[in-house]
Amino acid sequence: MTGERSLSFGEQAAAYERGRPSYPPESINWLLPTGAVDVLDLGAGTGKLTVRLAERGLTVTAVDPIPEMLEVLSGSLPSVPALLGTAEEIPLPDNSVDAVLVAQAWHWFDPERAAAEVARVLRPGGRLGLVWNIRDERLGWVKELNRIIGCEHDPSADSLCGGFTDIETHRFEWTSYLTPQALLDLVASRSYCITSPADVRRKVLGEVRELLNTHPALASSTGLALPYVTHCVRATLA
C-alpha cells in the first residue's frame, strides 16, 4: 500500500478489527488452489482473512506496511509470521508460496509492480486471489448508509497485469451480523473518515448515529444484519 490514505488505517486499527467483516468460507474455497499449503496474506491488516486461512491448517504468512495493524493481528494469531512489507516489495524469497491472497487491498497497490512481485514469490502454477466485500444496497437502510459514508471500491480484474492466465471472477452473497457500535467502528475505520478534518468526521459519525436511531429497520435494535456481496478474482501464474 502506498499513499496517505492507505497508510492511515493504523490510527484506527482497533476499530478496524471490531467493525470490519470477515469473508464467507465459500469465497476462500473458490480463491485457493487445490493442494495449497503455503499462503501469503498480502495487505493482511488486522488479520480478518488471515484467521480464516490459519483455521484451515495452512501455513500462512501475513504482510502489511502498518505496524499497528500487524500488532492487532499478532495479538490474535501469535503463531503466524507477521512481516512489515508492501505489495511492491514483498519480504519473501522467490518461489516460496502456493497462493497469494489480497483482501480489500489490491486497489491500494501499484498493480504493475505488485503483480511482478506476486509472480516472483509464487511457485510455478501458483494462484493470485483478490477479494472485496461490498455492501449490498438492495436493502434500503444500506443504500442510505452508503449515501452518508460513500460507496465502496468496485473491484475489477482489469488491473491485473501480465504474467497471469485463467483470470476468473465470482460473487458470493452473505450477511454479516454486528452491533450498532460495530457499525460505527466500521465507519470510523474507513480511510476517508480517518483522514478527514475532525468536524467532517464528527458530522459523518453523527449522521450514522441518526440513521441507527431513526430508521425503522434499525431503531431500538441491538443487532444488525448487514448484507454483502463478496467479489472475487482469481488468476494463475503462467
Side-chain angles (χ1 to χ4, degrees), residues 1 16 19-64 87 90 97-112 114-119 121-139 142-143 145-146 150-178 186 190 225-238:
M1 295 185 194
Y16 190 104
R20 295 298 179 106
S22 183
Y23 299 90
E26 298 81 3
S27 67
I28 301 172
N29 293 341
W30 189 82
L31 289 168
L32 286 171
T34 302
V37 175
D38 300 304
V39 179
L40 167 62
D41 185 358
L42 183 59
T46 62
K48 287 292 185 178
L49 178 61
T50 320
V51 68
R52 299 295 173 234
L53 298 172
E55 287 172 350
R56 294 165 177 254
L58 298 168
T59 301
V60 186
T61 300
V63 170
D64 197 88
I90 300 173
V97 294
D98 302 307
V100 175
L101 298 192
V102 181
Q104 223 75 21
W106 185 261
H107 55 285
W108 293 117
F109 303 161
D110 177 322
E112 185 172 353
E117 272 291 88
V118 168
V121 302
L122 278 175
R123 293 173 181 141
R127 172 77 56 78
L128 170 60
L130 315 180
V131 58
W132 287 267
N133 282 323
I134 307 296
R135 292 182 300 275
D136 190 344
E137 287 193 342
R138 288 176 292 182
L139 194 61
V142 179
K143 186 172 184 177
L145 176 68
N146 283 354
C151 295
E152 296 174 293
H153 177 81
D154 189 10
S156 170
D158 296 340
S159 63
L160 285 180
C161 297
F164 292 91
T165 62
D166 301 325
I167 299 174
E168 300 176 271
T169 62
H170 200 73
R171 298 184 179 192
F172 299 87
E173 296 182 10
W174 67 290
T175 300
S176 175
Y177 297 93
L178 68 168
L186 185 156
R190 286 172 57 84
L226 178 51
Y228 281 96
V229 179
T230 296
H231 297 238
C232 299
V233 180
R234 68 184 183 187
T236 302
L237 183 62

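We use all heavy atoms of the structure for the numbers below, so side chains are in, but hydrogens, waters and symmetry mates are not.
Under the side-chain contact (heavy atoms from CB on, under 4.5 Å) criterion, A99 pairs with L32, P33, V39, R127, sequence neighbours left out. Listed by chain and residue number, R138 satisfy the salt bridge (Lys or Arg N to Asp or Glu O under 4.0 Å) test with E173 (two or more places apart in sequence, or in another chain).
For the pair V102 and W106, the tightest heavy-atom approach, listed with the atom from each and the gap, is CG1-N, 3.5 Å. Shown here for W132 and Q104, the closest heavy-atom pair between the two residues is CA-OE1, 3.4 Å. Across every non-hydrogen atom of L139 and A225, the tightest pair is CD2-O, 4.0 Å. Contact detail for C232 and V131: the closest heavy-atom pair is SG-CG2, 3.9 Å. Pairing each heavy atom of V229 with each of D136, the nearest pair is CG2-OD2, 3.8 Å. Here the shortest heavy-atom pairing between A235 and I167 reads CB-CG1, 3.8 Å.
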For this session: Begin with the C-alpha distance, continue with both residues' side-chain angles, and end with the deciding distance and a verdict on side-chain contact (heavy atoms from CB on, under 4.5 Å) for L122 and F164.
Result: CA-CA 11 Å; L122 278 175; F164 292 91; 3.9 Å; yes

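Taking the side chain as every heavy atom from C-beta outward, T230 and W30 never approach each other to under 4.5 Å. Considering only heavy atoms from C-beta on, I90 comes within 4.5 Å of L40 through its side chain.
Between the CG atom in L130 and the CG atom in L31 there is a gap of 8.0 Å [rounded to 0.5 Å]. In this structure, CG in L237 is found 8.0 Å from OG1 in T165, a value given to the nearest 0.5 Å. How far OG1 of T59 is from CG of L53: 11.0 Å, rounded to the nearest 0.5 Å. Atoms OH and CD1, from Y23 and I28 in turn, are 9.0 Å apart once rounded to the nearest 0.5 Å. We find the CG-CZ distance between N146 and R135 to be 4.0 Å, quoted to the nearest 0.5 Å. Interatomic distance, CZ of R52 versus CG of L101, reported as 14.0 Å (0.5 Å rounding).
For the side-chain contact (heavy atoms from CB on, under 4.5 Å) with W174, the qualifying choice from P24, P227, S27, P25 is P24, the only one to do so.
Among pairs with a residue in residues 24-44, those fulfilling salt bridge (charged side-chain N to carboxylate O under 4.0 Å, His left out) read D38-R123, at least two apart in sequence or across chains.
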